[in-house]
There are 2 protein chains.
Amino acid sequence: MAPQPDEVGKRAAGVEDDAALAESPPVKRRIDRPVGRVRIEDVAAEAGVSMKTVSRVLNDEPNVSEATRERVRAVVERLQYRPHPSARVLAGRRSYLVAMLYDNPSSNYLMEVELGVLDACQAQHYNLMLAPLEYDAKDIVAKVEALVLQSRLDGVVLTPPITDDAALLARLDELGIPWSSISAREPNRRVGVVVDERSAVAEMIAHLAGLGHRRIAHIKGHPAHGASEWRLAGYLDGLERAGIGLDPALVVEGGFSYESGFDATNRLLDLPEPPTAIFAANDDMAAGAIGAICERGMSVPKHVSVCGFDDTPIARHIYPALTTVRQPTRDMGRLAGLELLREIRERGQGSLVTVPYTLQLRRSTGPKP
Amino acid sequence: MAPQPDEVGKRAAGVEDDAALAESPPVKRRIDRPVGRVRIEDVAAEAGVSMKTVSRVLNDEPNVSEATRERVRAVVERLQYRPHPSARVLAGRRSYLVAMLYDNPSSNYLMEVELGVLDACQAQHYNLMLAPLEYDAKDIVAKVEALVLQSRLDGVVLTPPITDDAALLARLDELGIPWSSISAREPNRRVGVVVDERSAVAEMIAHLAGLGHRRIAHIKGHPAHGASEWRLAGYLDGLERAGIGLDPALVVEGGFSYESGFDATNRLLDLPEPPTAIFAANDDMAAGAIGAICERGMSVPKHVSVCGFDDTPIARHIYPALTTVRQPTRDMGRLAGLELLREIRERGQGSLVTVPYTLQLRRSTGPKP
DNA sequence: GTGAAAGCGCTAACAT
DNA sequence: ATGTTAGCGCTTTCAC
């Protein structure tokens, strides 16, 4: 019924089959077996070695002479042989599967990170499973545990704020599951990737101070994210270095969403002495700030300068284009993936990588009015 | 070295092992075997049936009495048994793996679609593999073929413009690989999902005409996408219904990017008789239009009304918020996934689903100046 | 309606 | 440096 390539050749069997092949309908046999249906024993027979030797070559294991290695590789290439993933998993002790754990699915940030992790996995012939999770610390440990065990994960990549759930990390360690985190709140002694967000923000504040601004406000990020702390700390550093005293009224709560930035800005603009510049802890909130400012008939950066953090696509797509801090999101995903795989292969060898940021100066910041 | 849960219980062996279990270190055995390490034969032994019967129950196959079925289910539940995915794949003829093929990775649209497809797959215990592809018709067929064969895909979900590559579709059919498409250019006789984009756009034009606009421009989408054709057709329909003659100068090329919308709008505004309203074929281009208009010191919708298509997050995050057509992107992904799985299970049973659109009227459209 | 045996394609452990 | 054997945990086939 199903128009599938049929099942001829399902058993080409051992070495002695070369003879059998010469009989009956040999041509049909070859033709009907789609590429990829070649098995390790076909390669072994063709190369005149045992299956195990082929296996060694494929997995870069020692104890194969360079000559044999080359010969096997050539046959693999010629036969277009690709190992059956499930057979490898079933026979071996690894699943060649890692998962990326995340909350807040529809963000540009995560899409970029995901692409990076995928790059890393593909390069090393690992599979990536996506695990969107609702982050409510209650049952997250149980959920992740179920996932890890059912899917036999070899490791996980964690994204904020899941990076900071102590109970989860402890459980992963107990289970012996390697993990790698992106922008963890306490990155020390971890495997993963971070950006020096604090310095980045301090530089951004210096930029604003250089434009003459003295009343610089900050819209904080979501309290569950370590990034919110770092960005606040950078803001304070920046003020101090510019010799600007902190006005607590200029530091307001946000939550990383457009709406929270919009609302926070309205509160700031209602102040008796409103700010002339606003640093929002991410781009979405900065977009909200611009929306609120425009809605009052004011304009950016003429009346108020605005800047953000992340350099997501929205930064270039709003008017005026947003001054922001760029983190190399996709690279971060890739590096987090690579370090995880290293940790999987050689326990204890994964490390913490710090990647550089860059200030993207665009049109949303200008001289103090 | 690795702190892994150890390997005790790796061979509980046949039914007769119940006896063995009662001896030696039985408690240790239970404790050390993590959840998920229960095997089908454990379930069989516990339920007093054969492995095959358990298998039948798990796969909803016939020829099991309701009583037995219930008993097995209870044991499965109690033992928290989960079949080993790789073992199923290796033994069976299915891979339980489908891939989503896409180009243009970092779009909100695709992220939403992906979540929908993932929903469908998870609900049916299928795995989803992501296949970002560079769409240059040259070697795409070979690339996809390699992917399909190597990964033993059971099917693929196609997104625009990969949906419209005739050579690819033909090859997939030859290989007997089911596929499901989202917004294919020629959806007839296909499995997948579509929106009546043409009618949606016609309605949008009616909205603009109702606000008094007569000079309504259209920025076209990327020519490789069927959506561009539909949206243009809807624009023409809308004009005709409103009794507005077509001015070819008001229809300009775009390419779905912010920049293309920005440039196109500058061309439109330079016209001797510029438009008072612009319908851009997607939200990114509409954002570009707003950017270009603002840059000239004009404002939206006071001087020019702007509307888009898709209702991606950017529509709410720019100022003014964008009037646009909302397509239920995530649902579309989910439905495309479900239809694909149906097609996989029962050839010929997958179908084409049409999902509804809605007009999102926001602040970027207003009365003709 | 149910079960026993034979693989699926690969790797681990143990030869040699 | 290389080969042999025995599974991994499930489904298939075919017998009952």
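All values reported here derive from a predicted model rather than from experimental measurement.
Rounding to whole angstrom units, CD of residue B:Glu41 and P of C:dA5 are separated by 14 Å. B:Arg94 places its CZ atom 9 Å from the C1' atom of D:dT11, with the value rounded to the nearest Å. For A:Asn63 and C:dA12, the CG to C1' distance is 14 Å, given to the nearest whole Å. The CD1 atom of A:Ile40 sits 13 Å away from the C1' atom of D:dG3 (whole-angstrom rounding). We find that NE2 of B:His84 is positioned 12 Å from P of D:dT11, with the value rounded to whole Å. If you take CZ of B:Arg88 and C1' of D:dG9, they are 12 Å apart, rounded to a whole angstrom. One interatomic measurement links the two molecules: CG of B:Leu90 to P of C:dC8, which rounds to 9 Å at whole-angstrom precision. Distance, A:Tyr96 OH to C:dC10 P: 12 Å, rounded to whole Å.
In this view, B:Glu114 satisfies the salt bridge (Lys or Arg N to Asp or Glu O under 4.0 Å) rule with no residue, not counting sequence neighbours. Scored by the side chain to side chain contact (heavy atoms under 4.5 Å, CB included) test, B:Arg171 finds B:Val141, B:Glu145, B:Glu174, B:Leu175 as partners (sequence neighbours excluded). Residues satisfying the side chain to side chain contact (heavy atoms under 4.5 Å, CB included) test with A:Leu352, not counting sequence neighbours, are A:Pro187, A:Val194.
Shown for residues 49-58 of chain A: residues whose heavy atoms fall under 4.0 angstrom of DNA chain D, namely A:Val49, A:Ser50, A:Lys52, A:Thr53, A:Arg56.
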Side-chain donor-acceptor distances from residues 47-55 of chain A under 3.5 Å, at least two apart:
from	atom 1	to	atom 2	distance (Å)
A:Ser50	OG	A:Lys52	N	3.4
A:Ser50	OG	A:Thr53	N	3.3
A:Ser50	OG	A:Thr53	OG1	3.3

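A residue-by-residue look at B:Ala87 and B:Gly48 shows that B:Gly48 has its nearest nucleotide of DNA chain C further toward the 5' end.
The listed nucleotides are C:dA12, C:dG1, D:dT2; the one nearest the side chain of A:Glu61 is C:dA12. The side chain of B:Ala91 lies closest to D:dG9, out of C:dT2, D:dT2, D:dG9.
Although no hydrogens or angles enter the test, the distance criterion places a donor-acceptor pair under 3.5 Å between the side chain of B:Ser180 and the main chain of B:Ala336. In this structure, the side chain of B:Glu134 does not engage the main chain of B:Asp103 through any donor-acceptor pair within 3.5 Å. Side-chain atoms of B:Ser95 come within 3.5 Å of backbone atoms of B:Arg152 as a donor-acceptor pair (strictly under, hydrogens ignored). A donor-acceptor pair is defined here as one N or O able to donate and one able to accept, closer than 3.5 Å; such a pair exists between the side chain of B:Asp42 and the backbone of B:Arg39.
Of the inter-residue distances, the one linking A:Ile177 atom CD1 with A:Leu169 atom CG reads 13.0 Å to the nearest 0.5 angstrom.
Counting any heavy atom pair closer than 4.0 Å across all strands shown, B:Ser86 reaches no nucleic acid atom.
Taking only side-chain nitrogens and oxygens, A:Tyr81 comes nearer than 4.0 Å to OP1 or OP2 of C:dC10.
Inter-axis angle, ends of the helix from C:dG1-D:dC16 to C:dT16-D:dA1, five pairs per end, rounded to 10 degrees: 30°.
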